[in-house]
Amino acid sequence: MMLVFPPFSLTFSFFLVALLNKTLESYVTSSNDCIKFKLVTCPEDLNEDFAESKASKQNGKKNGNHEEQPTRIECFNPDMSYAFFGESESIFGYKDLCVKIYYSSAKLNIYLGMTYSSIISKEQSGGVAPDEILQVISSDYASKIYTNLTEFSALLDQEKSFVPFGKLCEEFTIDSCREGEQPIKRHFGIYMANNTTAGFPDYHERLQTFLKWFIEGASYIDMDDERWEYFVMYEKLPLDKSSTRSNSAPLEFQYCFVGYCSVYRFYAFPDCSRPRIAQFFVLPPFQRIGLGTKLLKSIYTNYNDKSVVDIQVEDPSESFTKLRDVLDCNLCKNLKSYSPENLKSGFKQEMAIEALKSFKIFSRQARRVYEILRLKSIDRNNAKEYRAYRLDIKNRLNAPYQRQMKHIVEKAKRRVSKSEYETIVKATEVPKDVRLSMLAKQYEALEEEYLAVIEKLS
């Protein structure tokens with residue numbers, strides 16, 4: 001047998017292509033991983049950055065490898081970055097890339113910078129230029145961007161003079177601690193503003209630059225529409241530990257932005273409104289300590305008056321849905337209509353009325369709260385009790401299908417002959433075994449959601 005080898009030039013071409021692909025891959029970075037947000041409270045929070053910049057100049061090269069030094073508020077990554085860097089959420093052209101998006105903690109002045117150990121040349125990439133990272137980000141921001149670290153640092157002395165915009169809705173204190181540390185008291189405030197609040201539109205222009213990094217499908221708000229209202233949460237950071245008293249708020253403090261919610265007040269006839277929560281987030285360093293619940297509850301309190309029909313939510317995320325479920329269940333479980341005895345007899349209109357009157361919870365959410373609290377109250381080891389619950393939920397899940405079939409049947413009866421009517425119904429109707437299987441899967445997924453909420457209920 002005679003062996004046939006490919007031409008040397010072809011083999012070498014394959015080798016070059018493989019080598020080129022490997023080289024290009026080494027210059028591709030996950031944008032979610034390499035972007036670093038920081039809330040800067042004072043010039044000392046930038047010591048590491050200045051030291052890094054100085055070392056870069058001395059060594060004659062940029063260096064993305066460095067050991068991070070602790071700052072007052074820990075750095076964090078975005079939840080998503082596709083709005084800036086596409087569905088792949090990747091950046092091309094750099095090794096050891098670190099993209100810095102810094103905000104002054106109260107005024108939210110913005111600094112953009114980046115470091116890397118090497119940048120790809122056009123010879124290496126076959127003529128493809130590296131991504132213009134800072135330009136991509138800054139072109140989406142309408143507010144002023146600082147790219148000079150010294151200039152940005154010079155503004156930080158103004159942070160202590162910042163006073164939140166709008167009216168104070170609520171102040172509260174929580175006990176918080178890191179693992180292995182003693183609890184400390186932390187102080188927070190929630191403020192409400194709108195587009196007519198002096199100075200707030202410009203501030204909101206900077207604030208909303210967080211949206212596309214932390215809310216799925218977010219878009220910027222039209223500040224000309226006066227029906228928008230905003231709730232902004234801040235932490236009150238002590239300036240000097242010696243200026244605090246035991247079990248009391250700090251005597252001197254500065255504000256630090258924590259989270260935000262935008263609400264649109266839709267008109268309701270004749271002289272009422274229906275507030276709809278649009279955008280809601282708490283920044284990562286402040287998550288998992290109950291602040292999202294505090295913010296949502298403060299919104300409920302603000303809109304709990306006769307002029308408000310109900311409070312709704314626009315396209316809620318999975319995490320927000322869970323947060324709202326936990327809050328609503330904790331609120332409604334003490335209502336008379338939601339007592340364990342009433343829950344076992346099924347959902348009643350009295351439940352929807354009482355939830356609406358007490359907390360402006362709309363009817364569909366009131367039904368969901370009933371289902372969660374009933375699941376919590378039953379004994380799932382009791383076959384009869386558990387079966388009655390499952391049937392109740394499956395009947396509710398199946399109701400839209402039944403209404404749709406009823407509509408098709410009634411429409412067909414009026415417009416076609418009997419034989420055509422039977423053909424249409426047969427073609428439209430889902431076989432019983434398939435429908436039952438679909439309902440079982442729907443129920444299992446819903447029960448899993450409900451059990452996760454029940455675990456969080458106080």
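Every value quoted in this text rests on a predicted model; they were computed, and no experiment measured them. Counting begins at 1 with the first residue of the sequence.
In this structure, the side-chain contact (heavy atoms from CB on, under 4.5 Å) partners of Arg435, at least two apart in sequence or on a different chain, are Asn398, Tyr401, Val430, Met438, Leu439, Gln442. Residues that satisfy the salt bridge (Lys or Arg N to Asp or Glu O under 4.0 Å) test with Glu235, not counting sequence neighbours, are Arg186. Scored by the side-chain hydrogen bond (donor to acceptor under 3.5 Å, both in side chains) test, Ser319 finds Ser317 as partners (sequence neighbours excluded). Scored by the side-chain contact (heavy atoms from CB on, under 4.5 Å) test, Ser138 finds Leu112, Ile145 as partners (sequence neighbours excluded). The salt bridge (Lys or Arg N to Asp or Glu O under 4.0 Å) search around Glu371 returns Arg367, Arg396, not counting sequence neighbours. With sequence neighbours excluded, the residues that form a side-chain contact (heavy atoms from CB on, under 4.5 Å) with Cys42 are Glu44, Asp45. Not counting sequence neighbours, the partners of Asp310 by the salt bridge (Lys or Arg N to Asp or Glu O under 4.0 Å) test are Arg274. Contacts of Leu436 classified as side-chain contact (heavy atoms from CB on, under 4.5 Å), with partners at least two apart in sequence or in another chain: Lys432.
Aromatic ring centres of Tyr303 and Phe231 lie closer together than 6.0 Å. Separation of the Tyr103 and Tyr111 ring centroids does not fall under the 6.0 Å cut-off.
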Pairs under 3.5 angstrom only: tabulate donor-acceptor contacts from the side chains of residues 215-223 to other protein residues two or more places apart or in another chain.
residue, atom, partner, partner atom, Å
Glu216, OE2, Tyr82, OH, 3.0
Tyr220, OH, Asp140, OD2, 2.6
Asp222, OD1, Asp224, N, 3.0

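Between Tyr389 and Tyr386, the two ring planes are parallel [angle under 30°; tilted spans 30° to 60°]. Ring geometry for Phe76 against Phe214 counts as tilted: the plane angle lies between 30° and 60°, on a 0 to 90° scale. Note: Tyr230 and Tyr260 have parallel aromatic rings, judged against thresholds of 30 and 60 degrees for the angle between ring planes.
In Gln135, the CD atom is not crowded: 12 or fewer heavy atoms of neighbouring residues, nucleotides or ligands sit closer than 6.0 Å.
For residues 318-332, every residue pair satisfying the salt bridge (Lys or Arg N to Asp or Glu O under 4.0 Å) rule, not counting sequence neighbours, is listed here: Asp325-Arg368. Within the structure, salt bridge (Lys or Arg N to Asp or Glu O under 4.0 Å) pairs that include any residue of residues 276-299 do not occur (at least two apart or interchain). Residue pairs meeting the salt bridge (Lys or Arg N to Asp or Glu O under 4.0 Å) criterion with at least one member in residues 195-207, sequence neighbours excluded, do not occur.
Phe162 pairs in a ring pair (Phe, Tyr, Trp, His ring centres under 6.0 Å) with only one of the listed residues (Phe253, Phe257, Tyr234), which is Tyr234.
Ion pairing of Lys160 with Glu252 is absent here, as no side-chain N (NZ or NE/NH1/NH2) approaches a carboxylate O to less than 4.0 Å.
Atom CD of Glu159 and atom CG of Leu108 lie 8.0 Å apart (nearest 0.5 Å).
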